[in-house]
Protein chains: 2
Amino acid sequence: MSGADTGRAPAPEVTGRRTTRQRSALLALLDELDGFRSAQDLHALLRERGDPVGLATVYRALQAMVDDGQLDVLRSADGEAGYRRCSPSHHHHLVCRSCGRTVEVADPPVERWAARVGAEHGFADVQHQVEVFGTCAACVAARS
Amino acid sequence: MSGADTGRAPAPEVTGRRTTRQRSALLALLDELDGFRSAQDLHALLRERGDPVGLATVYRALQAMVDDGQLDVLRSADGEAGYRRCSPSHHHHLVCRSCGRTVEVADPPVERWAARVGAEHGFADVQHQVEVFGTCAACVAARS
DNA sequence: ATGCTCATGAGAACCATTCTCGCACAGCGT
DNA sequence: ACGCTGTGCGAGAATGGTTCTCATGAGCAT
């Protein structure tokens, strides 16, 4: 699910996860990148920079980080999952369709809108998923 | 991608598609159902009711209907795609996490919000994807 | 240092979706 | 009604992202 859970779990700060070379490398890599990257991409990048990590490990680590609220996930149209380091507070993303650059946006109005819409129809435990896509200024300029 | 494209293609009314038993059956089934159903589900339902249709055909037909704007697609968290008959105008969905029932919601404020957020950051061709999840009144009542 | 776990990794398994390719049939003109 | 033609169909294989298995290896508390 993407960065949008109004009712995210309490997010225990003590995660009980072990600090391994692989997870550190993955986290470091994610810190350097902006934009959503697929697990496969991240795996390839780690190998390139000489940090041999198993693909399964990448998936497991990413999953764990998502559970701990350290990452945001976004499913692309073709079903591939993209991961991105993000601030822990609730927010949404503005994603460039062309270069993948993302901007975090937090806007109370949408939050209120989602809650209201849910309430109006008798829905409880309302969460929402909001992503905005577009072509960023740089990519627009780059188009011949 | 789900029902949320501000800039959907012109949607040619003359689709040039042939009317076959399989496609009619699929469309009829979708008309009876509310809520998002996976291609696999739809395929199984068709077989159950005695309309033998190939799985590949279901996928092809669904894809075609989506291209023609007759269906909405929604990717669940586990990557499976859900399909649903929908009104042709732009709208979003309020989905029950428990029973899958959906309500279409159209609210101009969000549209404006998305456009504004994109513009503020210099993004062009702004589209957005918005889904609201919750537990509907019936399911809340059903919880022992 | 020791031991109890949890994490890792290679490969297989899984599963939704797409492709292949030969055959059937809808649509159209006559 | 008849035949042509290209689109749609279907079974199974292929694809590709993600998850599972299980034996080995490495944190971390004591």
Side-chain angles (χ1 to χ4, degrees), chain A residues 1-2 12-30 36-68 70-84 100, chain B residues 1-2 12-30 36-68 70-84 100:
Chain A
M1 194 122 316
S2 90
E13 208 44 49
V14 176
T15 60
R17 313 252 184 233
R18 289 183 184 172
T19 308
T20 65
R21 173 182 61 79
Q22 292 86 340
R23 299 197 176 199
S24 305
L26 184 53
L27 216 48
L29 176 60
L30 283 163
F36 287 85
R37 302 301 182 115
S38 71
Q40 309 269 350
D41 267 2
L42 294 167
H43 176 239
L45 286 169
L46 283 175
R47 312 220 114 198
E48 269 180 31
R49 66 159 60 187
D51 270 312
V53 177
L55 181 56
T57 301
V58 172
Y59 276 103
R60 266 185 304 234
L62 288 173
Q63 197 62 61
M65 291 175 193
V66 170
D67 289 346
D68 295 347
Q70 302 176 55
L71 296 185
D72 259 352
V73 204
L74 192 57
R75 289 256 171 198
S76 66
D78 67 335
E80 203 176 5
Y83 300 85
R84 180 184 195 274
Chain B
M1 194 110 332
S2 87
E13 207 45 48
V14 177
T15 60
R17 313 249 184 236
R18 290 187 183 172
T19 309
T20 64
R21 174 182 61 79
Q22 293 85 342
R23 298 194 179 203
S24 304
L26 184 53
L27 216 47
L29 177 59
L30 282 164
F36 287 84
R37 303 301 182 116
S38 72
Q40 309 271 351
D41 267 2
L42 293 168
H43 175 240
L45 286 170
L46 284 175
R47 313 220 114 199
E48 270 180 30
R49 66 161 58 184
D51 270 312
V53 177
L55 181 56
T57 300
V58 172
Y59 276 103
R60 263 185 306 234
L62 288 173
Q63 197 61 60
M65 292 174 193
V66 169
D67 289 345
D68 294 347
Q70 304 176 55
L71 296 185
D72 258 353
V73 205
L74 192 57
R75 288 254 172 202
S76 65
D78 67 336
E80 205 175 3
Y83 299 85
R84 179 181 196 273

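Small disclaimer: the values here were computed from a predicted structure and weren't measured.
- With DNA chain D read from its 5' end, the first of the two nearest nucleotides for A:Gln63 and B:Ala61 is the one closest to B:Ala61.
- The phosphate of D:dT19 (OP1 or OP2) has no side-chain N or O of A:Tyr59 nearer than 4.0 angstrom.
- In this structure, CD of A:Glu80 is placed 17 Å from P of D:dT15, rounded to the nearest angstrom.
- Relative to the axis of its first five pairs, the axis of the last five pairs of the helix from C:dA1-D:dT30 to C:dT30-D:dA1 sits at 40°, rounded to 10 degrees.
- Not one N or O on the side chain of B:His43 forms a donor-acceptor pair closer than 3.5 Å with the backbone of B:Val58.
- Taking all atoms of both residues into account, the shortest heavy-atom contact from B:Arg21 to B:Pro52 is NH2-O, 3.4 Å.
- Heavy atoms of A:Ala81 sit under 4.0 angstrom from primed sugar atoms or phosphate atoms, though from no base atom.
- Between A:Gln22 and A:Thr57, the shortest heavy-atom contact is CB-CG2, 4.2 Å.
- Backbone-only contact: B:Gln22 has heavy atoms under 4.0 Å from sugar-phosphate atoms and none from a base.
- Between the CG atom of B:Leu62 and the C1' atom of D:dC9 there is a distance of 15 Å, given to the nearest Å.
- Atoms CG (B:Asp51) and C1' (D:dG8) sit 16 Å apart, rounded to a whole Å.
- Side chains of A:Arg17 and A:Asp67 form a contact here, defined as non-hydrogen atoms less than 4.5 Å apart.
- At distances below 3.5 Å, at least one donor-acceptor pair connects side-chain atoms of B:Arg75 with backbone N or O atoms of B:Gly79.
- Within 4.0 Å of B:Arg60, counting heavy atoms only, lies at least one base atom of the nucleic acid.
- Nucleotides of DNA chain C lying under 4.0 Å from heavy atoms of chain B occupy a range whose first and last members, 5' to 3', are C:dA16 to C:dG27.
- Using a 3.5 Å distance cut-off with no hydrogens or angles, the side chains of A:Gln40 and A:Tyr59 do pair a donor with an acceptor.
- Taking atom CG on B:Leu55 and atom P on D:dA13, their separation rounds to 14 Å, with Å as the unit.
- B:Leu42 places a side-chain heavy atom less than 4.5 Å from the side chain of B:Leu62.
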Distances for protein N/O vs nucleotides 26-30 of chain D N/O pairs under 3.5 angstrom?
from   : atom 1 : to      : atom 2 : distance (Å)
D:dG27 : N2     : A:Arg18 : NH2    : 3.2
D:dC28 : OP1    : A:Thr19 : N      : 3.4
D:dC28 : OP1    : A:Thr19 : OG1    : 3.4

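- The two atoms that bring A:Asp72 and A:Phe36 nearest to each other are O-CE2, 3.7 Å, heavy atoms only.
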